[in-house]
Structures are given as structure tokens and as C-alpha cells.
Amino acid sequence: MMEVAGRSRKRPRRRKEPLDLHTLNPRQREAVMHDDGPMLVLAGAGSGKTRVIIYRIARLIGDGTSPSRILGVTFTNKAAGEMRERLRSLVGADGSKVQLSTFHALGLSILKAEHEAAGLSKRFCIYDTSDQMSLVRELMRRVRVADRRLDAGKILDIILKTKRERLKEVAIDWGDDYELAAYELYPRYVEEMKAFNAVDFDDLLLRSMDVLQIPEVGERWANKFDYILVDEYQDTSSDQLAMLKILAGDRKNVCVVGDDDQSIYAWRGAVVDNILRFGREFGSAKEVILDQNYRSTGHILHAANSVIQNNKVRKDKKLWSADGEGDPINVVTCEDGEEEATLVSETIGKLVFDGMKYEDIAILYRSNLQSRILEEVLAADKIPYSIVGGQAFFERKEVRDVMAYLATINNPFDEISLRRVVNMPSRGIGPTSLQRFAAFGTANNCGLYGALCRASEIPDIPKSAQNGAAQFVGLIKSFGAQMEGASPQDLQRHVEHLIDEIKLRDVIMSADDSATVSQRRIENVNEVINAAHRFAAMNPQSESPLEDFIFMSSLVKDEEKEDDRGKVTLMTLHSAKGLEYPAVFMVGMEEELLPHRRTIELGGDLSEERRLCYVGITRAKKRLWMTKCLYRSNRGKMMERGASRFLEELPEGEGVIRWNRNSPPTDDMTESKADEFFAKMRAQLGMDQG
DNA sequence: GAATCAGCAGTTTTT
DNA sequence: CTGCTGATTC
């Protein structure tokens, strides 16, 4: 299984946790000690579920199971990495032999191993969403089904949905332009993906499922693992469940851990039902409920319980804590968004004055739009912050450019990557020439790359474009030959050479943008070289390093891990899942923001929005503020706002104090000290200005 | 082949 | 109010 190329993880070595079962509560111990057969662990927020998984794996190894026959499945590479580390600190070297993977990486492993059976040639590539979009856009241009400005994303959605449901053609339910366009483009999408030797994210699951249907292949994989553990099971899709069933074989030694109340990705195909009917899928399953919370204080948990209880379909459980009630939670009404941001900023100032660290504080919101005003005010108040969920490293334009070159070198039939780089830097191959090349490729069944190879045979192509094509093909071929049989250690050198060869840094420097932006881009390009180096260091055994490096880049959303210490964290409620902070602000607790307008309009099921609220509340360890505005400027216009219905669902009584920003409660924590603090701050600001 | 402009849409996003 | 896309222009 492929290693994740994370930033060099220099975090302090974790203290070695002894495998002492007495540190577990009875329920946790039950889950850890459970013998064979399926088990569902319903783990409420903050109930120590990761610990249970780690300890269970350690216990299995301790009882003689070979580590390499244990499979742990997570949803993110980050989670897999963290689990690997904790495991290593618990059981030592054996821990690294455990197979830890995401469903998608697992699918990729299967497709790589069984590519012949899957009908893929050895060098296939993975298309991510933006590659898929490019393909759909290209198809829209080519087939003028509806040359009006249709949103390629919507068409893609329909195509992908059809593909996931394994339908032969797009169902026409509404007969609108999107459906008709998708209907027209669907077969072409499939055809082109095949011609390009490309698979998309869904294919990693769907096509590996196809392969596993072949009896001897399925059997081989079903016998690979003795025990399977799945984290965040509430987020599994029906395909993932199906895959799990095959891998589990008849032994059904499957342990899934999840929380139906934290299922917030149904819109992305997660099936909450998977958790509610796990027993039916796997036969009589043991069920363990972890509801003792080790994270938050009482009032916060009461609030969370109180809100989530309003969801009708759920596994009944109630979080409780052995610790005290703690501070009440604050529900604050503000005038408008700016005042809300100011309130948050000032309160953070007080918290820090009282000794809290910036990194202990998080601001959560429903939609990324909300971050802007917060940023402005925090910056003005000189409060350091960092935002989670910016553009992922491998999605940045200049990084994609490099990766597209590598993808083309690896698989020249990958036309999306090919088109991206063929005229970068400029080689005199404009849209018209490209069009002619493409037409020739189609007519002679040799693809765009084949056409570029035979540039001189094609009429109506200007000499300059012919030369450009020859030069380009020469470059691709030369690197292709170099990469052939290259060792992982060679990879970095080749990538460096490539970047020089295509004069990427010059291209960036001569582009429009400001010096700082260009500088950043060049740093990103350099970072690709570093990433190649890290990849080589982590995968010294890779037989096709180029290919594996590209795969890694498609599967790993490697956020730039800037140093978040000393900074307040801003992020969406979705990104906050799995994290915890001593102090949390949930801003924009308003109708049409927290139950989001789109969800309200779609009529009916607000349970996922409620879960989102629940996730937000349960991130807080000690202090929680929920803020709302009476007015908010929407798109240029001030709009009156209503309080989120979820605020009504909070408990009554001393655990929740509701107040208005204009009349804060008198017993405010350290008001006099805070005044002193702000006086000092104002003086400082005054000095800065003068 | 690059630059500028008008028009439009505007949740969430682990892979 | 923004940010992106496609079309138009030089």
C-alpha cells in the first residue's frame, strides 16, 4: 500500500502508551476484547473511538494475528497517517505492518494488481474532479448538444450519478437541458475515459468491485485480511459497503466504528442507513455503544444532546461526562455580521488575556463565505488566525501544470493532461491547430498524441505548429525513456530537470501577477520537487515511482501544513469533524445559514443540518459561544435574519445564557481586566497609526 | 495568443 | 460584493 507523502512529521515523539486495558472503560474494553464476528461500535463524539480502534488492533496483534493481515480503513489519508503513528507508538515496528488505507487507495491497489482483469492497460491514470470537468467541457464543445452556457458541473453530476447506479443511459426524469445534455454526453464520457486510459474516483470503487466479482479474484482478496476495522463508518457509501462485504469474506471479522449523529456527508453519497442496518448486512452483529464523553463539560453535552434528540431516525444514545458541568454556553445576538465578528474578536482577546492560547480557539461557520468578514476584523485586531480548507497543494495551478506534464509522460493518451501542457510554454500550437490535430487523431484512430507524433503528415498545420509538436513529442519521449526503469531516488532529479526544461519558472515570472504571487508560485513548484523527494524516501521499494507519485498526488489532499501554533483556527463545520478545541465559536446561527437555505428550500429533511450543528457543539471542550445576527448583508443588500431553529432546541435553564451584544451579562468573566487590556491595546494601535 | 469585459451565479467537499 | 467563465478585441 502506498505511503502518504506528508510533510516531514516532526511532532514530538508520543509517549509510549502501555497496552493497559484498565485505562479503558468497560464498554471500550468490551469492544477491544470482542473476538470474532461482526461488531458495530456506536461511538459518540469524544468517546475515544480512535483509541478503541488502536487498542483493538494492538490486542489482535498481541493475540497472534499477523499485522499484515489486519486492514484498517479510514476516510482520509490524514486519519490513516495519524492512526499509523499512534499504532507505532503503541506496538512498535509491528504497527507499521498493519494495512492502513482509505477505501479509494484500496480500490487503487486492487485495480493496479488486477488491471488486466479490469480491462485497463498498465499505465492508467486517475481523473479528479477538475479533470472530469475539463473532459465534460471538451465534450460540450465537441458535441454541440446544448451550446448554451450550461454548467459543466451539473452535467457531470448527472453523468456520475448514472455511472454510480450502473445504468446504461441517463434517465430522463425532467427532460431539462441538463438531463438531455448528460444523456448525450454520457456514452462519450465513458468512451473517452477508456480511450484516455483514465479512471475517476468512483471507478476506483466501482471497477475494483467489478474485478472482485470474478470468483478467483474475489476469493484472493477475501482471503487477504483476517480482521477489518473501519473508522467513520457513518460516512460509507453503498459501494464502500459492498466492497467491505467482499473483503470480509465469510469470516465477517469486521469491526466498524462510527456515529450516526455525525453523518454529514449524505450529499456526497454517504448512506447513514449503513450504520442503522449494519446488523442486517452482516448477520447478527455485536453492538457496543460508547457514550461516555471525555472531551466536553456537562453544559456543552446537554446542549448537544438536546439538539440532536430532535432527529427522528437515529440510534438512541446520550453523551454524558464524569466531569463537572463547566461553564454555561453563550447564545449571543448581534446587530450585523461586522458586530458579530467584533464580538468574537473581542472575546478572543479576553480569553487570551485570561491565559488561553490562540491555538485553543476555533471559529466555525456553515459556509466559506462567512470567513471573510471574520478575517477582516481579526486582522484589524491583530489576532493571528489561519483558515482551514484553502486550495489543496496538488490543486494549485502551477502544481497541476507540473503534475500534468508528469501524467503525460506516464500516459500520453491522457488527453486532458496532454491538452493542458501541449502549449505550455508556448509552442505555437493554438486552438485552431489543436483542433486539427485532434481531428486527425480521431480520423486515424491514433488519439491526439498520435497526431502530434505525425505532425508533418497533417495538412493545414502551420510550420510553426509542426515544429512545436515535434519539439513537444521529443520532450515527452525523452522523459518517458528516462523514467523507464528509474528508481525512486531518480524521481526528484527528473522532476527538477523537467521543470528546467519547460522553463516553468520563467513562464511564471513573466505572467501577469504581482511579485509576491509569482514568488509563491515558484515556491509551490519547488515544493513539488520536495514532494518527489519525500515520496522517494517513503516509498523506496516502488517499482514505477513516476506512476505511484502521480497516484499519490491524486489521492492525497495534502494541505499545506503551515504552523498553526499561536493561531486561531477558522473553518467550516464540515472541516471541524474529528477536531476539538477548548473554546469554540459557532457564528451565523441563523435560519438560511445553519439550516442552509438550499436545504430548507429542498423541503423537508433538515436532519443533516442538525447533525452539523451537533458536530459543531461537540467540538468544544470547555467554552462555547453561538452567535447570530438580526441583520446581515447578503449580496450587497442588508437582510433581516431569523434565529436558527436549532437555537430553540437548546435546553432551557442555567446551562445556556442568552444575551444581546449591546447588554452583555454583568458577571462577565474578567471585565475590569479586559477593559484594562483593551485600553492598552487601543493605546498601542494609536501609536501604530501615529 | 494575451488582455479586457460583460454576465452570472453564489453550501458543505474526506477521495 | 465577489470570482469565475466565455466572448470579444487587439
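By convention in this document, chain letters (A, B, ...) are assigned in the order of the sequence lines, proteins followed by strands, and residues within each chain are numbered from 1. Only this structure's heavy atoms are used, side chains among them; waters, hydrogens and symmetry mates stay out.
- A salt bridge is defined here as a Lys NZ or Arg NE, NH1 or NH2 lying under 4.0 Å from an Asp or Glu carboxylate O, and A:Glu547 with A:Lys112 fails to meet this definition.
- Using a 4.0 Å heavy-atom criterion, one finds that A:Glu609 contacts the bases of the nucleic acid, with or without backbone contacts as well.
- Nucleic acid contact for A:Gly428: sugar-phosphate only, since backbone atoms but no base atoms lie under 4.0 Å from a heavy atom of the residue.
- The residue A:Leu205 sits apart from the nucleic acid: no heavy atom pair falls under 4.0 Å.
- Listed nucleotides: B:dT11, C:dT5, B:dT15. Nearest to the side chain of A:Arg137: C:dT5.
- Following rounding to the nearest Å, A:Arg611 (CZ) and B:dT12 (P) show an atom-to-atom distance of 19 Å.
- Between A:Met133 atom CE and B:dT15 atom P there is a gap of 19 Å when expressed in whole angstrom units.
- For the pair A:Phe75 and A:Asn368, both in contact range of DNA chain B, the more 5′-proximal nearest nucleotide belongs to A:Asn368.
- Proximity of the aromatic rings of A:Tyr265 and A:Phe75 is defined here by a centroid distance below 6.0 angstrom, and this criterion is not met.
- A distance of about 25 Å separates the C1' atoms of C:dG6 and B:dT11, rounded to the whole Å.
- Of the candidate nucleotides B:dT14, B:dT15, B:dT13, B:dT14 has the atom nearest to the side chain of A:Tyr265.
- Nucleotides C:dC4 and B:dT13, compared at atom P, are 16 Å apart to the nearest Å.
- Taking every side-chain heavy atom of A:Thr76 into account, B:dT15 is the closest of B:dT11, B:dT15, B:dT12.
- Counting any heavy atom pair closer than 4.0 Å across all strands shown, A:Ile373 reaches no nucleic acid atom.
- Atom CD in A:Glu590 sits about 16 Å away from atom P in B:dT11, given to the nearest Å.
- Salt bridge present: A:Lys397 and A:Asp401 bring a charged side-chain N and a carboxylate O closer than 4.0 Å.
- Between A:Phe201 and A:Phe103, the distance from one ring center to the other does not fall under 6.0 angstrom.
- Across all strands, A:Asn423 comes closer than 4.0 Å only to sugar-phosphate atoms, never to a base (heavy-atom distances).
- Between A:Asp261 and A:Arg314, at least one side-chain nitrogen of the basic residue sits less than 4.0 Å from a carboxylate oxygen of the acidic one, meeting the salt-bridge criterion.
- If you check B:dT12, B:dT15, B:dT13 against the side chain of A:Ser367, the one that comes closest is B:dT12.
- Stacking annotation: A:His104 is not stacked on the base of B:dT15 (requires ring centroids less than 5.5 angstrom apart and an interplanar angle below 30 degrees).
- Note: OH (A:Tyr365) to P (B:dG10) measures 20 Å, nearest angstrom.
- Note: CZ (A:Arg610) to P (B:dT11) measures 22 Å, nearest angstrom.
- Nucleotide B:dT11 is shown with a syn base, its glycosidic torsion being within 90° of 0.
- Rounded to whole angstrom, the span from the CD atom of A:Gln370 across to the P atom of B:dT12 amounts to 9 Å.
- With hydrogens and angles ignored, no donor-acceptor pair under 3.5 angstrom links the side chain of A:Arg372 to the base of C:dT2.
- Both thresholds, 5.5 Å between centres and 30° between ring planes, are met by A:Trp267 relative to the base of B:dT12, so the two rings are stacked.
- The CG-P distance, from A:Asn634 to C:dC1, rounds to 13 Å in whole Å.
- Of the two residues near DNA chain B, A:His596 and A:Ser426, the one whose nearest nucleotide lies more 5' is A:Ser426.
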List the steps, then state whether side chain to side chain contact (heavy atoms under 4.5 Å, CB included) holds for A:Phe585 with A:Leu570.
CA-CA 10 Å; A:Phe585 294 86; A:Leu570 275 67; over 6 Å; no
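- Between the CZ atom of A:Arg268 and the P atom of B:dT13 there is a distance of 10 Å, rounded to whole Å.
- Closest approach to the A:Lys154 side chain among B:dG10, B:dT12, B:dT15 is made by B:dG10 (side chain taken as heavy atoms from C-beta onward).
- Under 4.0 Å is where a charged nitrogen must lie from a carboxylate oxygen, and between A:Asp259 and A:Lys577 no such pair does.
- Within the structure, a side-chain polar atom (N or O) of A:Ser575 is placed less than 4.0 Å from OP1 or OP2 of B:dT13.
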